[in-house]
Amino acid sequence: MALTYKYESLPKNNIRFIALSPELEDGRPQLSLISCARTDAPEYVCMSYCWGQDLESESIYLDGQQFGSNVDEKTEQVSRMEETYRNATTIAAWLGKPEESQNKERTGRDHTSKLSSPSFVDEIISSPYWSRMWIVQELILARTIILLYGHLRLPWKGVNGVMQAWSTFGKSKWRHSPAINLVFMTVGAQYTRKYGRALGELMRYLEHSEATDPRDRVFALIGLMEGEERRLLGMIFPDYTMSHEKVVLVTMAYLKQIYAPSPFKWVVKPQQVWNRKVFGLEKETWEALWKETEGYETPHDLTNYASVPGQSAETFRGQKG
């Protein structure tokens with residue numbers, strides 16, 4: 001039986017990298033972990049991908065030991081995800097495998113010319129990759145992006161331009177796809193990288209994006225928020241010890257506090273924007289949490305909401321009065 005990989009404590013402001021050996025052992029890639037201070041980090045490539053189904057997964061081995069998870073380190077590193085992706089030399093985005101076998105002799109070359117084929121564009125746009133919540137931050141903050149589709153290599157600049165053209169003149173279904181939605185978000189990437197965007201704007205735009213962990217529907221947006229929102233919510237999120245309901249409760253309270261005093265009160269009307277689909281909740285649960293935030297329509301110290309122990313309903317009752 002293989003040993004389970006055990007983490008050593010990662011010092012503050014450090015980062016881990018996976019080093020890939022050029023040789024295989026028993027048909028498996030050989031991986032090892034290295035860590036260093038972020039200020040001493042070498043050039044590195046970040047992977048961007050869509051999680052597969054659990055039934056199709058295989059174990060990963062690091063330093064000869066089966067890889068496991070560490071919630072504390074996950075929380076720490078997710079909070080630094082923006083920095084991690086900003087500083088990567090390249091983001092390598094995995095779109096999956098082509099539906100049909102391609103000529104593998106051309107592996108590694110620029111295959112942008114294939115985007116002239118409507119059927120090939122259909123394959124690219126239909127990839128579940130584009131619906132993933134985390135890729136928005138990963139691609140917007142990237143310096144350079146390379147899309148990998150099986151053995152095909154597709155530079156982002158070419159794909160971006162072709163997709164914009166296809167969204168105008170191509171099939172109607174493409175104009176409303178997650179892929180095209182993301183492409184148009186990256187048009188304003190320079191502004192977003194410099195100034196950030198309001199949480200309300202991000203959540204409206206990404207209402208139909210998906211996350212395996214529903215808490216990531218909020219956590220994945222922190223690195224894209226404008227300064228004051230990022231500072232305030234960054235004191236609380238990400239925190240993977242919080243339940244999904246508590247993350248939603250704090251987020252709802254914040255949104256109502258920020259938008260209700262402004263002229264844009266329509267933003268917080270339940271049936272229009274902040275609906276249960278945005279937060280990935282069943283209707284009954286969403287309505288109960290929404291009701292729990294009633295009476296909080298002026299700014300409050302959100303750290304109090306996160307620190308009060310007990311169930312979510314008790315959290316807000318403790319703040320009233």
Side-chain angles (χ1 to χ4, degrees), residues 17-18 20 41-52 81-99 102-104 106-171 173-197 202 205-206 208-211 216 220-221 223-224:
F17 298 101
I18 292 179
L20 175 64
E43 291 189 350
Y44 61 90
V45 175
C46 272
M47 293 297 298
S48 178
Y49 59 94
C50 178
W51 283 13
M81 197 67 74
E82 173 206 0
E83 182 181 353
T84 300
Y85 278 86
R86 276 186 190 273
N87 293 332
T89 55
T90 301
I91 304 300
W94 173 254
L95 303 183
K97 297 180 180 179
E99 294 179 359
Q102 305 285 343
N103 181 3
K104 295 186 179 182
R106 301 189 62 187
T107 299
R109 297 184 182 181
D110 184 337
H111 294 87
T112 307
S113 60
K114 289 186 171 293
L115 292 168
S116 61
S117 165
S119 61
F120 186 76
V121 173
D122 246 342
E123 287 186 40
I124 295 296
I125 289 181
S126 299
S127 169
Y129 171 81
W130 303 106
S131 64
R132 179 172 168 262
M133 199 80 174
W134 275 109
I135 70 164
V136 179
Q137 175 179 253
E138 295 164 0
L139 298 187
I140 286 180
L141 298 179
R143 298 181 188 177
T144 304
I145 303 168
I146 292 295
L147 302 180
L148 303 174
Y149 187 44
H151 68 284
L152 303 178
R153 181 186 177 98
L154 305 167
W156 173 250
K157 186 176 181 180
V159 173
N160 190 314
V162 169
M163 282 194 175
Q164 287 192 53
W166 279 115
S167 70
T168 302
F169 304 107
K171 299 177 182 179
K173 71 173 184 178
W174 292 344
R175 299 167 197 166
H176 306 289
S177 69
I180 299 301
N181 186 45
L182 180 60
V183 163
F184 282 105
M185 280 197 74
T186 61
V187 171
Q190 185 173 355
Y191 178 93
T192 305
R193 283 194 295 266
K194 187 173 182 179
Y195 300 107
R197 301 280 181 177
L202 292 169
Y205 210 79
L206 298 170
H208 299 292
S209 293
E210 300 174 358
D216 285 336
L221 301 178
L224 299 176

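Numbers here simply count residues along the sequence, with the first being 1.
- Contact between Pro98 and Gly150 at its shortest, heavy atoms only, is CD-CA, 3.5 Å.
- Counting all heavy atoms, side chain and backbone alike, Arg132 lies closest to Glu138 at NH1-OE1, 3.2 Å.
- In this structure, the side chains of Ile91 and Leu139 come closer than 4.5 Å at one or more pairs of heavy atoms.
- Residues Leu152 and Phe120 meet the side-chain proximity criterion, which asks for heavy atoms closer than 4.5 Å.
- For the pair Leu141/Leu224, a side-chain contact is recorded, criterion being any heavy-atom separation below 4.5 Å from C-beta on.
- A distance of 11.5 Å separates OG in Ser131 from CG in Leu206, rounded to the nearest 0.5 Å.
- Closest approach of Arg86 and Arg193 over heavy atoms only: NH2-O, 2.7 Å.
- Annotation for Ser48 and Tyr129: closest pair OG-OH, 2.7 Å, computed over non-hydrogen atoms.
- Residues Tyr205 and Arg197 form no side-chain contact, since every pair of their non-hydrogen atoms from C-beta on lies 4.5 Å or further apart.
- Taking 4.5 Å as the limit, every side-chain heavy atom of Lys157 sits out of range of all side-chain heavy atoms of Ile145.
- Using a 4.5 Å heavy-atom cutoff, the side chains of Ile140 and Tyr85 are not in contact.
- Within the model, atoms OG1 of Thr144 and CH2 of Trp156 stand 13.0 Å from one another, a figure rounded to the nearest 0.5 Å.
- Closest heavy-atom contact between Pro155 and Ile146: CA-CD1, 4.1 Å.
- We find that Lys114 and Glu123 are not joined by a salt bridge, their nearest charged nitrogen and carboxylate oxygen being 4.0 Å or further apart.
- Taking 4.5 Å as the limit, every side-chain heavy atom of Leu202 sits out of range of all side-chain heavy atoms of Val136.
- Relative ring orientation between Phe17 and Tyr44 is described as tilted, the plane-to-plane angle lying within the 30° to 60° band.
- A donor-acceptor pair under 3.5 Å links the side-chain atoms of Ser127 to the main chain of Leu95, judged by distance alone.
- Atom CZ in Arg143 sits 9.0 Å away from atom OG1 in Thr90 (nearest 0.5 Å).
- Between Ala211 and Asp216, the shortest heavy-atom distance links the atoms CB-CB, 4.0 Å.
- No more than 12 heavy atoms of other residues, nucleotides or ligands shown are found within 6.0 angstrom of OH on Tyr49.
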